[in-house]
Amino acid sequence: MKSRYSLSLGKPFGIKVSVHWTFSLLIAWIVLISVGRGLEFQQILMHIVFVLALFVCVVLHELGHSLAAIRLGGQVDSITLLPIGGMAHLSKMPEKPKDEFLVSAAGPMVNVVIAAILWIYIAIFQTVDFEKMEFEAITVHNFPVMLLAANLFIVAFNLIPAFPMDGGRLFRSLLSIRMSRLKATRIAKDIGQIFAIIFIIAGLFFNPFLVIIGFFILLGAKGEYEMIKYQEILQDYTVNDIVKTEYAELDEEKTLGHAAERLVKISDNGFVIKSGNDFKGILSKNDLINGLNSHGKELKIKDLVRTEPDHVDKDTGLFQVYQDMQRKRKYLLPVFDQGEFKGILDLENLHEFFQIRKATQ
Ligand SMILES: [Zn+2]
(Lines give C-alpha, C1' and ligand atoms only; values in the text may rest on other atoms or scores of the structure.)
Protein backbone atom coordinates (compact mmCIF):
# COMPACT_ATOMS: atom_id res chain seq x y z
CA MET A 1 0.00 0.00 0.00
CA LYS A 2 1.44 3.33 -0.96
CA SER A 3 2.43 5.44 1.99
CA ARG A 4 0.82 8.64 0.77
CA TYR A 5 -2.59 7.08 1.38
CA SER A 6 -1.65 6.02 4.87
CA LEU A 7 -1.00 7.63 8.20
CA SER A 8 2.10 6.36 9.95
CA LEU A 9 1.57 5.13 13.50
CA GLY A 10 5.10 4.18 14.49
CA LYS A 11 7.83 1.64 13.99
CA PRO A 12 7.68 -1.18 16.55
CA PHE A 13 10.51 -3.71 16.03
CA GLY A 14 11.59 -1.70 12.99
CA ILE A 15 8.34 -2.49 11.15
CA LYS A 16 6.47 0.53 9.83
CA VAL A 17 2.87 0.42 11.00
CA SER A 18 0.39 2.67 9.24
CA VAL A 19 -3.33 3.04 8.88
CA HIS A 20 -4.95 3.45 5.46
CA TRP A 21 -7.19 6.48 4.89
CA THR A 22 -10.19 4.23 4.20
CA PHE A 23 -10.11 3.36 7.88
CA SER A 24 -11.81 6.70 8.54
CA LEU A 25 -14.72 5.44 6.41
CA LEU A 26 -15.15 2.58 8.85
CA ILE A 27 -15.40 5.02 11.77
CA ALA A 28 -17.86 7.14 9.79
CA TRP A 29 -19.90 4.03 8.99
CA ILE A 30 -20.05 3.06 12.68
CA VAL A 31 -21.16 6.55 13.66
CA LEU A 32 -23.86 6.51 10.96
CA ILE A 33 -25.19 3.11 12.00
CA SER A 34 -25.12 4.10 15.67
CA VAL A 35 -26.97 7.35 15.02
CA GLY A 36 -29.45 5.40 12.90
CA ARG A 37 -30.07 3.08 15.83
CA GLY A 38 -30.75 6.09 18.03
CA LEU A 39 -27.75 5.60 20.32
CA GLU A 40 -26.57 8.39 22.56
CA PHE A 41 -23.29 10.23 22.13
CA GLN A 42 -21.58 8.31 24.93
CA GLN A 43 -22.61 4.98 23.45
CA ILE A 44 -21.37 5.98 20.02
CA LEU A 45 -18.05 6.98 21.58
CA MET A 46 -17.92 3.58 23.24
CA HIS A 47 -18.35 1.88 19.87
CA ILE A 48 -15.51 3.88 18.40
CA VAL A 49 -13.23 3.07 21.34
CA PHE A 50 -14.16 -0.58 20.86
CA VAL A 51 -13.22 -0.54 17.18
CA LEU A 52 -9.91 1.14 18.03
CA ALA A 53 -9.22 -1.50 20.71
CA LEU A 54 -10.07 -4.17 18.18
CA PHE A 55 -7.62 -2.71 15.73
CA VAL A 56 -4.89 -2.71 18.35
CA CYS A 57 -5.58 -6.46 18.55
CA VAL A 58 -5.32 -6.64 14.75
CA VAL A 59 -1.95 -4.84 14.81
CA LEU A 60 -0.72 -7.29 17.45
CA HIS A 61 -1.99 -10.15 15.25
CA GLU A 62 0.03 -8.82 12.29
CA LEU A 63 3.05 -8.25 14.52
CA GLY A 64 2.71 -11.90 15.53
CA HIS A 65 3.02 -12.98 11.89
CA SER A 66 5.81 -10.48 11.28
CA LEU A 67 8.00 -11.36 14.25
CA ALA A 68 7.62 -15.08 13.52
CA ALA A 69 8.60 -14.42 9.89
CA ILE A 70 11.65 -12.38 10.91
CA ARG A 71 12.74 -15.09 13.34
CA LEU A 72 12.60 -17.63 10.54
CA GLY A 73 14.70 -15.56 8.18
CA GLY A 74 11.98 -13.50 6.49
CA GLN A 75 11.85 -9.76 5.95
CA VAL A 76 8.93 -7.52 6.84
CA ASP A 77 8.64 -4.02 5.42
CA SER A 78 5.44 -2.72 6.89
CA ILE A 79 2.00 -3.38 8.30
CA THR A 80 -1.00 -1.51 6.91
CA LEU A 81 -4.36 -1.35 8.61
CA LEU A 82 -7.39 -1.46 6.36
CA PRO A 83 -11.05 -1.38 7.43
CA ILE A 84 -11.24 -5.12 6.71
CA GLY A 85 -8.15 -6.00 8.73
CA GLY A 86 -4.40 -5.76 8.78
CA MET A 87 -1.86 -6.62 6.12
CA ALA A 88 1.79 -7.37 6.72
CA HIS A 89 3.99 -6.74 3.69
CA LEU A 90 6.78 -9.23 3.56
CA SER A 91 9.62 -8.72 1.14
CA LYS A 92 10.98 -12.13 1.99
CA MET A 93 8.79 -14.96 3.13
CA PRO A 94 9.98 -18.16 4.77
CA GLU A 95 9.00 -20.88 2.30
CA LYS A 96 9.64 -24.17 4.05
CA PRO A 97 6.27 -25.78 4.88
CA LYS A 98 7.08 -25.88 8.60
CA ASP A 99 8.13 -22.22 8.64
CA GLU A 100 5.10 -21.12 6.70
CA PHE A 101 2.90 -23.03 9.11
CA LEU A 102 4.47 -21.27 12.11
CA VAL A 103 4.28 -17.81 10.53
CA SER A 104 0.61 -18.31 9.60
CA ALA A 105 -0.30 -19.68 13.00
CA ALA A 106 1.49 -16.92 14.93
CA GLY A 107 -1.16 -14.28 14.09
CA PRO A 108 -4.22 -16.15 15.36
CA MET A 109 -2.17 -17.35 18.36
CA VAL A 110 -1.74 -13.72 19.44
CA ASN A 111 -5.53 -13.31 19.53
CA VAL A 112 -5.84 -16.52 21.55
CA VAL A 113 -3.39 -15.03 24.07
CA ILE A 114 -5.27 -11.71 24.16
CA ALA A 115 -8.54 -13.60 24.71
CA ALA A 116 -6.93 -15.59 27.53
CA ILE A 117 -5.65 -12.41 29.20
CA LEU A 118 -9.10 -10.80 28.96
CA TRP A 119 -10.65 -13.95 30.38
CA ILE A 120 -8.27 -13.90 33.35
CA TYR A 121 -8.99 -10.18 33.84
CA ILE A 122 -12.75 -10.83 33.84
CA ALA A 123 -12.36 -13.78 36.19
CA ILE A 124 -10.20 -11.87 38.68
CA PHE A 125 -12.09 -8.60 38.75
CA GLN A 126 -15.49 -10.12 38.13
CA THR A 127 -16.47 -7.02 36.27
CA VAL A 128 -19.09 -8.90 34.42
CA ASP A 129 -22.45 -9.94 35.68
CA PHE A 130 -23.58 -12.18 32.85
CA GLU A 131 -27.18 -12.27 34.00
CA LYS A 132 -27.61 -8.53 33.81
CA MET A 133 -25.46 -8.04 30.78
CA GLU A 134 -26.91 -6.61 27.60
CA PHE A 135 -25.37 -7.28 24.25
CA GLU A 136 -27.34 -4.78 22.24
CA ALA A 137 -24.67 -2.13 22.48
CA ILE A 138 -21.15 -1.93 23.83
CA THR A 139 -20.97 -0.54 27.35
CA VAL A 140 -18.23 -0.11 29.94
CA HIS A 141 -19.51 -3.32 31.58
CA ASN A 142 -19.56 -5.66 28.64
CA PHE A 143 -16.49 -4.15 26.93
CA PRO A 144 -13.97 -6.87 28.02
CA VAL A 145 -16.40 -9.67 27.15
CA MET A 146 -17.15 -8.18 23.75
CA LEU A 147 -13.45 -7.71 23.07
CA LEU A 148 -12.78 -11.30 24.12
CA ALA A 149 -15.55 -12.53 21.82
CA ALA A 150 -14.21 -10.38 18.98
CA ASN A 151 -10.74 -11.87 19.38
CA LEU A 152 -12.15 -15.38 19.27
CA PHE A 153 -14.07 -14.36 16.17
CA ILE A 154 -10.83 -13.12 14.57
CA VAL A 155 -9.24 -16.50 15.30
CA ALA A 156 -12.17 -18.47 13.89
CA PHE A 157 -12.55 -16.27 10.81
CA ASN A 158 -8.85 -16.34 10.02
CA LEU A 159 -8.74 -20.11 10.26
CA ILE A 160 -11.23 -20.53 7.41
CA PRO A 161 -9.07 -22.21 4.75
CA ALA A 162 -9.55 -19.42 2.21
CA PHE A 163 -6.09 -18.83 0.79
CA PRO A 164 -4.43 -16.30 1.13
CA MET A 165 -6.04 -15.89 4.56
CA ASP A 166 -4.19 -17.50 7.47
CA GLY A 167 -6.23 -20.71 7.39
CA GLY A 168 -5.53 -21.08 3.67
CA ARG A 169 -1.81 -20.60 4.28
CA LEU A 170 -1.84 -23.21 7.01
CA PHE A 171 -3.64 -25.51 4.59
CA ARG A 172 -1.10 -24.86 1.83
CA SER A 173 1.82 -25.48 4.16
CA LEU A 174 0.34 -28.85 5.07
CA LEU A 175 -0.23 -29.69 1.41
CA SER A 176 3.33 -28.66 0.52
CA ILE A 177 4.73 -31.42 2.71
CA ARG A 178 3.38 -33.94 0.21
CA MET A 179 3.53 -32.09 -3.11
CA SER A 180 5.26 -29.24 -4.90
CA ARG A 181 4.62 -25.72 -3.67
CA LEU A 182 3.09 -24.79 -7.01
CA LYS A 183 0.59 -27.62 -6.92
CA ALA A 184 -0.20 -26.96 -3.24
CA THR A 185 -0.77 -23.27 -4.04
CA ARG A 186 -3.04 -24.14 -6.96
CA ILE A 187 -5.25 -26.33 -4.77
CA ALA A 188 -5.28 -23.77 -1.94
CA LYS A 189 -6.08 -21.03 -4.47
CA ASP A 190 -9.01 -22.97 -5.97
CA ILE A 191 -10.50 -23.65 -2.55
CA GLY A 192 -9.86 -20.02 -1.57
CA GLN A 193 -11.79 -18.84 -4.61
CA ILE A 194 -14.77 -21.00 -3.71
CA PHE A 195 -14.81 -19.41 -0.26
CA ALA A 196 -14.39 -15.97 -1.79
CA ILE A 197 -17.51 -16.46 -3.89
CA ILE A 198 -19.44 -17.71 -0.86
CA PHE A 199 -18.25 -14.60 1.05
CA ILE A 200 -19.31 -12.28 -1.74
CA ILE A 201 -22.77 -13.82 -2.08
CA ALA A 202 -23.32 -14.01 1.69
CA GLY A 203 -21.95 -10.48 2.07
CA LEU A 204 -24.51 -9.10 -0.37
CA PHE A 205 -27.22 -10.20 2.06
CA PHE A 206 -25.55 -9.65 5.42
CA ASN A 207 -22.44 -7.47 5.47
CA PRO A 208 -20.72 -5.33 2.84
CA PHE A 209 -17.31 -5.99 4.44
CA LEU A 210 -17.62 -9.64 3.55
CA VAL A 211 -17.99 -8.65 -0.11
CA ILE A 212 -14.76 -6.64 0.04
CA ILE A 213 -12.95 -9.47 1.82
CA GLY A 214 -14.22 -11.86 -0.84
CA PHE A 215 -12.72 -9.73 -3.61
CA PHE A 216 -9.46 -9.41 -1.69
CA ILE A 217 -9.23 -13.18 -1.47
CA LEU A 218 -9.98 -13.61 -5.18
CA LEU A 219 -7.27 -11.14 -6.21
CA GLY A 220 -4.80 -12.18 -3.52
CA ALA A 221 -5.05 -15.86 -4.37
CA LYS A 222 -4.58 -15.18 -8.06
CA GLY A 223 -1.62 -12.86 -7.46
CA GLU A 224 0.18 -15.28 -5.18
CA TYR A 225 -0.34 -18.16 -7.55
CA GLU A 226 1.11 -16.10 -10.41
CA MET A 227 4.10 -15.25 -8.23
CA ILE A 228 4.81 -18.91 -7.50
CA LYS A 229 4.43 -19.67 -11.18
CA TYR A 230 7.05 -17.00 -11.92
CA GLN A 231 9.29 -18.51 -9.29
CA GLU A 232 8.90 -22.01 -10.67
CA ILE A 233 9.76 -20.93 -14.19
CA LEU A 234 12.39 -18.27 -13.52
CA GLN A 235 14.37 -20.11 -10.87
CA ASP A 236 16.35 -22.01 -13.50
CA TYR A 237 17.62 -18.84 -15.19
CA THR A 238 19.95 -15.97 -14.43
CA VAL A 239 20.09 -12.38 -15.65
CA ASN A 240 22.67 -13.53 -18.19
CA ASP A 241 19.93 -15.40 -20.08
CA ILE A 242 18.04 -12.26 -21.03
CA VAL A 243 20.55 -9.42 -20.80
CA LYS A 244 20.31 -7.10 -23.80
CA THR A 245 23.70 -6.32 -25.23
CA GLU A 246 22.30 -4.18 -28.03
CA TYR A 247 20.76 -0.99 -26.76
CA ALA A 248 20.25 2.67 -27.53
CA GLU A 249 23.09 4.88 -26.32
CA LEU A 250 23.33 8.56 -25.52
CA ASP A 251 26.23 10.79 -24.56
CA GLU A 252 25.94 12.28 -21.09
CA GLU A 253 26.52 15.79 -22.48
CA LYS A 254 23.24 15.69 -24.45
CA THR A 255 20.09 17.36 -23.09
CA LEU A 256 16.85 15.81 -21.90
CA GLY A 257 15.09 17.42 -24.86
CA HIS A 258 17.42 15.59 -27.23
CA ALA A 259 16.78 12.33 -25.38
CA ALA A 260 13.02 12.85 -25.60
CA GLU A 261 13.20 13.30 -29.36
CA ARG A 262 15.17 10.11 -29.74
CA LEU A 263 13.00 8.13 -27.33
CA VAL A 264 10.09 7.97 -29.78
CA LYS A 265 12.38 6.45 -32.41
CA ILE A 266 13.76 3.57 -30.39
CA SER A 267 12.16 0.35 -29.23
CA ASP A 268 13.91 0.27 -25.83
CA ASN A 269 12.43 1.66 -22.63
CA GLY A 270 15.37 3.94 -22.08
CA PHE A 271 19.00 4.68 -22.88
CA VAL A 272 22.43 3.63 -21.77
CA ILE A 273 24.30 6.81 -20.92
CA LYS A 274 27.97 6.93 -21.80
CA SER A 275 30.86 9.32 -21.78
CA GLY A 276 33.05 8.21 -24.65
CA ASN A 277 33.16 4.47 -24.09
CA ASP A 278 32.62 4.65 -20.36
CA PHE A 279 29.31 3.55 -18.88
CA LYS A 280 27.73 6.36 -16.84
CA GLY A 281 24.24 5.15 -16.05
CA ILE A 282 20.78 4.38 -17.32
CA LEU A 283 18.11 6.86 -18.33
CA SER A 284 14.78 5.06 -18.28
CA LYS A 285 11.67 6.34 -20.00
CA ASN A 286 10.14 7.17 -16.60
CA ASP A 287 13.25 8.98 -15.33
CA LEU A 288 13.31 11.00 -18.53
CA ILE A 289 9.66 12.02 -18.30
CA ASN A 290 9.98 12.89 -14.62
CA GLY A 291 13.17 14.81 -15.37
CA LEU A 292 11.48 16.79 -18.15
CA ASN A 293 8.62 17.60 -15.80
CA SER A 294 10.75 18.91 -13.00
CA HIS A 295 13.81 20.36 -14.79
CA GLY A 296 12.76 21.13 -18.36
CA LYS A 297 14.41 20.01 -21.58
CA GLU A 298 17.62 22.04 -21.36
CA LEU A 299 19.03 20.01 -18.49
CA LYS A 300 22.01 17.87 -19.39
CA ILE A 301 21.59 14.13 -18.99
CA LYS A 302 24.64 13.92 -16.76
CA ASP A 303 22.94 16.19 -14.22
CA LEU A 304 20.06 13.76 -13.92
CA VAL A 305 21.67 10.36 -14.21
CA ARG A 306 23.20 8.97 -11.08
CA THR A 307 26.80 7.94 -11.43
CA GLU A 308 26.31 4.90 -9.22
CA PRO A 309 22.99 3.46 -10.29
CA ASP A 310 21.35 0.32 -8.92
CA HIS A 311 22.63 -2.58 -10.93
CA VAL A 312 22.50 -6.36 -11.05
CA ASP A 313 25.21 -8.92 -11.58
CA LYS A 314 24.80 -11.18 -14.60
CA ASP A 315 24.79 -14.28 -12.39
CA THR A 316 21.91 -13.14 -10.18
CA GLY A 317 18.87 -15.43 -10.26
CA LEU A 318 16.10 -14.14 -12.50
CA PHE A 319 13.33 -14.63 -9.96
CA GLN A 320 15.13 -12.64 -7.29
CA VAL A 321 15.71 -9.79 -9.74
CA TYR A 322 12.08 -9.96 -10.85
CA GLN A 323 10.88 -9.55 -7.25
CA ASP A 324 13.29 -6.68 -6.57
CA MET A 325 12.31 -4.83 -9.73
CA GLN A 326 8.61 -5.19 -8.96
CA ARG A 327 9.06 -4.01 -5.40
CA LYS A 328 11.29 -1.04 -6.19
CA ARG A 329 9.31 -0.19 -9.34
CA LYS A 330 12.43 -0.38 -11.48
CA TYR A 331 11.80 -1.14 -15.10
CA LEU A 332 15.33 -0.96 -16.44
CA LEU A 333 18.60 -1.96 -14.79
CA PRO A 334 22.22 -2.05 -15.93
CA VAL A 335 23.80 -5.49 -15.82
CA PHE A 336 27.40 -5.85 -14.66
CA ASP A 337 29.87 -8.64 -15.26
CA GLN A 338 32.67 -8.59 -12.71
CA GLY A 339 32.28 -4.87 -12.21
CA GLU A 340 32.13 -4.10 -15.95
CA PHE A 341 29.00 -2.89 -17.70
CA LYS A 342 27.61 -5.67 -19.88
CA GLY A 343 24.12 -4.65 -21.00
CA ILE A 344 20.63 -3.86 -19.79
CA LEU A 345 17.80 -5.79 -18.21
CA ASP A 346 14.29 -4.67 -19.13
CA LEU A 347 11.35 -5.76 -16.99
CA GLU A 348 9.20 -5.93 -20.12
CA ASN A 349 11.59 -8.49 -21.63
CA LEU A 350 11.50 -10.42 -18.42
CA HIS A 351 7.70 -10.63 -18.64
CA GLU A 352 7.93 -11.77 -22.26
CA PHE A 353 10.54 -14.35 -21.36
CA PHE A 354 8.20 -15.69 -18.67
CA GLN A 355 5.20 -15.81 -21.01
CA ILE A 356 7.15 -17.71 -23.66
CA ARG A 357 8.55 -20.22 -21.17
CA LYS A 358 5.08 -20.68 -19.67
CA ALA A 359 3.53 -21.28 -23.10
CA THR A 360 6.15 -23.82 -24.13
CA GLN A 361 6.29 -25.65 -20.82
ZN1 LIG B 1 -3.30 -13.26 10.04
Side-chain angles (χ1 to χ4, degrees), residues 1 6 9 12-13 15-20 22-23 26 51-118 147-176 184-185 188-189 191-193 195-196 199 207 209-210 212-225 227:
M1 213 53 56
S6 306
L9 296 180
F13 306 99
I15 304 163
K16 207 181 109 207
V17 177
S18 56
V19 53
H20 198 252
T22 47
F23 193 74
L26 176 70
V51 169
L52 295 179
L54 198 55
F55 268 76
V56 171
C57 298
V58 172
V59 173
L60 294 173
H61 172 111
E62 296 302 330
L63 277 175
H65 287 306
S66 304
L67 295 180
I70 291 169
R71 262 220 83 148
L72 294 166
Q75 244 172 50
V76 183
D77 296 335
S78 61
I79 293 172
T80 310
L81 284 175
L82 296 162
I84 55 164
M87 270 209 301
H89 305 276
L90 281 79
S91 48
K92 214 173 113 203
M93 178 96 104
E95 285 176 6
K96 274 186 270 170
K98 189 174 136 256
D99 292 351
E100 185 179 36
F101 186 90
L102 292 173
V103 171
S104 309
M109 271 314 289
V110 169
N111 299 103
V112 170
V113 171
I114 295 172
I117 292 171
L118 283 167
L147 197 58
L148 192 161
N151 271 282
L152 292 182
F153 175 78
I154 292 177
V155 175
F157 188 73
N158 271 292
L159 290 183
I160 295 173
F163 183 79
M165 278 172 40
D166 295 343
R169 287 187 191 283
L170 290 169
F171 179 57
R172 173 175 73 174
S173 69
L174 293 175
L175 289 177
S176 331
T185 308
K189 176 199 74 157
I191 293 176
Q193 286 177 336
F195 273 106
F199 284 177
N207 191 327
F209 283 103
L210 216 46
I212 302 172
I213 292 172
F215 278 109
F216 254 77
I217 293 171
L218 277 183
L219 291 176
K222 189 169 173 283
E224 289 218 18
Y225 180 68
M227 202 55 156

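Ligands are counted one by one from 1 in listed order, and the atoms in each one are counted from 1 as well.
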Item checked: Which atom of Val110 lies closest to which atom of Gly64, heavy atoms considered -> CG2-CA, 3.7 Å

Next item on the list: May I have all residue pairs that pass side-chain hydrogen bond (donor to acceptor under 3.5 Å, both in side chains) and include part of residues 212-224, sequence neighbours excluded?
Entry: Arg169-Glu224

Item checked: Asn151: which of Val112, Ile117, Asn111 passes side chain to side chain contact (heavy atoms under 4.5 Å, CB included) -> Asn111

Next item on the list: Sort by chain and number the protein N/O/S atoms found under 2.8 Å from the Zn ion (ligand 1).
Entry: His61 NE2, His65 NE2, Asp166 OD1, Asp166 OD2

Notebook entry, point to check: What do you reckon, are the aromatic ring centroids of Phe157 and Phe199 less than 6.0 Å apart?
Noted result: yes

Next item on the list: Can you run down the side-chain hydrogen bond (donor to acceptor under 3.5 Å, both in side chains) pairs that involve residues 96-109, sequence neighbours left out, and say none if there aren't any?
Entry: Glu100-Arg172

Notebook entry, point to check: Can you list every ring pair (Phe, Tyr, Trp, His ring centres under 6.0 Å) pair that touches residues 59-88, not counting sequence neighbours?
Noted result: His61-His65

